[in-house]
Amino acid sequence: MSNNFQVRLPDNIQDLPINEEYFFIMENGQERRLKLHDYADVYRIPGLYNYLALEKLDYRSPEVMATLLTETLQESGESASDLNLLELGAGSGLFGQAVAKLGVTSITGIDIVPEAAEAARRDCPGVYEDYFVEDLTQLSQPTRELLNQKKLNGFVCCSALSTGHIPVPAFVTGINAIADGGWVLFNVAKTSYDCQENCPNFIDFYRQAVANGELTIEATKSYLHRRFFNGKSLEYVAILAKKQAEVSLG
């Protein structure tokens with residue numbers, strides 16, 4: 001896909017928090033400033049998010065996580081083609097695209113941002129069986145019934161568990177939408193993963209779920225998630241678990 005835009009990074013890039021990173025985009029002779037996390041605006045421009053993520057930021061999480069999932073499946077004697085995945089915070093489809101290339105054929109996306117669904121259909125056509133623009137904790141009845149019919153046995157949340165992104169109740173609802181014995185795949189910043197006190201809510205939740213025996217950790221992988229606009233590395237940990245029982249919030 002040819003790009004109808006030009007991107008310019010700031011001349012003096014400071015150590016901005018991840019949700020404050022910005023860039024300049026030139027369209028039709030007009031330059032404007034956008035934050036990377038202005039998702040609706042970024043997704044609206046064909047190919048922009050994928051270009052920024054893959055070419056400017058060396059975004060590796062989709063490929064790393066898809067490989068961890070499919071290789072662990074193979075080691076367990078299971079087939080990628082038997083997976084019925086639900087992906088929460090599916091965005092423009094980069095994880096779906098990565099895991100589809102490795103043999104997963106049934107992927108259902110859900111995201112609260114309408115422009116994300118439009119971007120996924122436009123930039124990663126044919127990857128998702130269905131893609132819903134809904135709040136997972138307040139699903140419409142038709143969507144709830146359709147998800148039940150799918151007999152989901154895998155749940156993924158790729159790069160959407162951080163402050164200001166997917167809330168814990170939505171994450172819990174997604175896990176509970178899949179069958180017991182199903183696969184649960186997510187990733188978190190390494191600083192969060194290593195946290196000892198005053199940890200983010202999603203870290204406290206998943207540690208408690210493991211302690212309760214609701215989730216069992218099957219594999220973890222530490223890796224370069226992406227780079228900041230200033231070139232510094234951002235390390236993440238991918239966590240692959242199996243759901244043993246319905247998970248609770250408390």
Side-chain angles (χ1 to χ4, degrees), residues 1 3 7 9 13 15-23 34-39 42-43 47-75 80 83 85-104 107 109 111 113 116 119-120 123-124 127-128 154-166 171 183-195 200 202-203 206 217-241:
M1 179 186 293
N3 297 326
V7 168
L9 301 185
I13 305 178
D15 289 337
L16 292 171
I18 195 166
N19 60 339
E20 294 294 327
E21 285 188 293
Y22 67 92
F23 61 96
L34 280 178
K35 289 182 182 178
L36 180 64
H37 287 183
D38 287 338
Y39 288 121
V42 173
Y43 287 146
L48 177 58
Y49 182 81
N50 294 6
Y51 169 77
L52 288 168
L54 300 176
E55 297 191 36
K56 291 294 186 183
L57 298 173
D58 195 17
Y59 177 44
R60 301 183 186 180
S61 281
E63 185 177 340
V64 169
M65 292 177 68
T67 301
L68 179 66
L69 174 61
T70 53
E71 287 185 350
T72 307
L73 271 173
Q74 193 171 26
E75 290 165 5
L83 272 180
L85 281 184
L86 174 64
E87 183 187 356
L88 176 61
S92 63
L94 288 176
F95 173 81
Q97 184 173 251
V99 81
K101 288 178 180 175
L102 295 176
V104 178
I107 314 166
D111 202 298
V113 180
D123 299 340
C124 298
V127 165
Y128 293 92
F155 172 71
V156 179
C157 188
C158 178
S159 310
L161 280 179
S162 58
T163 304
H165 282 69
I166 302 292
F171 187 57
W183 295 92
V184 177
L185 176 64
F186 58 102
N187 60 342
V188 296
K190 193 166 189 312
T191 51
S192 297
Y193 182 81
D194 293 336
C195 168
F202 53 86
I203 295 294
Y206 108 77
I217 304 300
E218 300 294 318
T220 60
K221 184 175 180 65
S222 182
Y223 65 98
L224 171 67
H225 165 61
R226 72 165 174 88
R227 299 193 184 280
F228 288 95
F229 277 142
N230 64 10
K232 290 187 177 179
S233 299
L234 177 57
E235 299 290 326
Y236 262 51
V237 178
I239 301 163
L240 180 59

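Nothing fancy with the numbering, it's 1 onward along the sequence. These numbers come from a predicted model, not from an experiment.
Nearest heavy atom pair, residue Cys124 against residue Asn50, reads SG-ND2, 4.1 Å. Closest heavy-atom contact between Leu69 and Leu185: CB-CD2, 3.9 Å. Of all the heavy atoms in Ala219 and Leu68, the pair that sits closest is CB-CD1, 3.9 Å. Of all non-hydrogen atoms in Cys157 and Ile166, the two that sit nearest each other are SG-CG1, 4.0 Å. Residues Ile107 and Gly96 share a closest heavy-atom pair of CD1-O, 3.6 Å.
Looking at Tyr59 and Ser159, their side chains do bring a donor and an acceptor atom within 3.5 Å of each other. Between the side chains of Asn187 and Tyr223, at least one donor N or O lies within less than 3.5 Å of an accepting N or O.
Note that the CG atom of Leu52 and the NZ atom of Lys56 stand 8.5 Å from one another [nearest 0.5 Å]. Taken from CG in Leu88 to CG in Asp111, the straight-line distance is 7.5 Å, to the nearest 0.5 Å. Between the CG atom of Leu54 and the CZ atom of Arg60 there is a distance of 11.5 Å, given to the nearest 0.5 Å. Residue Ile217 holds its CD1 atom at 6.0 Å from CD1 of Ile239, rounded to the nearest 0.5 Å. Atoms CG and CG, from Leu36 and Leu57 in turn, are 6.0 Å apart once rounded to the nearest 0.5 Å. Atoms OG1 and NZ, from Thr72 and Lys221 in turn, are 10.0 Å apart once rounded to the nearest 0.5 Å.
Every residue two or more places apart in sequence or in another chain that forms a salt bridge (charged side-chain N to carboxylate O under 4.0 Å, His left out) with Lys35 is listed here: Glu20. Considering only residues two or more places apart in sequence or on other chains, Tyr128 meets the ring-ring contact (aromatic ring centres under 6.0 Å, His included) condition with Tyr131. In this structure, Lys101 has no salt bridge (charged side-chain N to carboxylate O under 4.0 Å, His left out) partners at least two apart in sequence or on a different chain. With sequence neighbours left out, Tyr51 forms a ring-ring contact (aromatic ring centres under 6.0 Å, His included) with Phe5. Partners of Tyr43 under the ring-ring contact (aromatic ring centres under 6.0 Å, His included) rule, at least two apart in sequence or in another chain, are Tyr39, Tyr49. Residues that satisfy the salt bridge (charged side-chain N to carboxylate O under 4.0 Å, His left out) test with Glu21, not counting sequence neighbours, are Arg226.
Counting heavy atoms from C-beta on, the side chains of Arg227 and Leu234 never come closer than 4.5 Å. No side-chain heavy atom of Asp194 sits less than 4.5 Å from a side-chain heavy atom of Ser192. Considering only heavy atoms from C-beta on, Val42 comes within 4.5 Å of Leu34 through its side chain. Contact annotation: the side chain of Tyr22 never approaches that of Leu9 to less than 4.5 Å [non-hydrogen atoms, C-beta and beyond]. Proximity of Leu85 to Val99: side-chain heavy atoms (C-beta onward) are separated by under 4.5 Å at one or more points. At a threshold of 4.5 Å between non-hydrogen side-chain atoms, the residues Ser222 and Lys190 count as touching. Proximity of Val188 to Phe202: side-chain heavy atoms (C-beta onward) are separated by under 4.5 Å at one or more points. Between Tyr206 and Val184 the shortest side-chain heavy-atom distance does not fall below 4.5 Å.
Under a cut-off of 6.0 angstrom, the local environment of CD in Gln74 is sparse, with at most 12 non-hydrogen atoms contributed by other residues, nucleotides or ligands. Within 6.0 Å of atom CD in Glu63, 12 or fewer heavy atoms from other residues, nucleotides or ligands are found, so the atom counts as exposed in its surroundings.
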*May I have the step-by-step check of side-chain contact (heavy atoms from CB on, under 4.5 Å) for Val156 and Leu86, ending in yes or no?*
CA-CA 6 Å; Val156 179; Leu86 174 64; over 6 Å; no
*Do Thr191 and Glu235 pass the side-chain contact (heavy atoms from CB on, under 4.5 Å) test, and can you show the C-alpha distance, the side-chain angles, and the key distance before you say yes or no?*
CA-CA 8 Å; Thr191 51; Glu235 299 290 326; over 6 Å; no
*In sequence, state the C-alpha distance, the side-chain angles, and the governing distance for Tyr236 and Val64, and then conclude on side-chain contact (heavy atoms from CB on, under 4.5 Å).*
CA-CA 11 Å; Tyr236 262 51; Val64 169; over 6 Å; no
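Residue Phe155 forms a ring-ring contact (aromatic ring centres under 6.0 Å, His included) with just one option from Phe171, Trp183, Phe186, and that option is Phe171.
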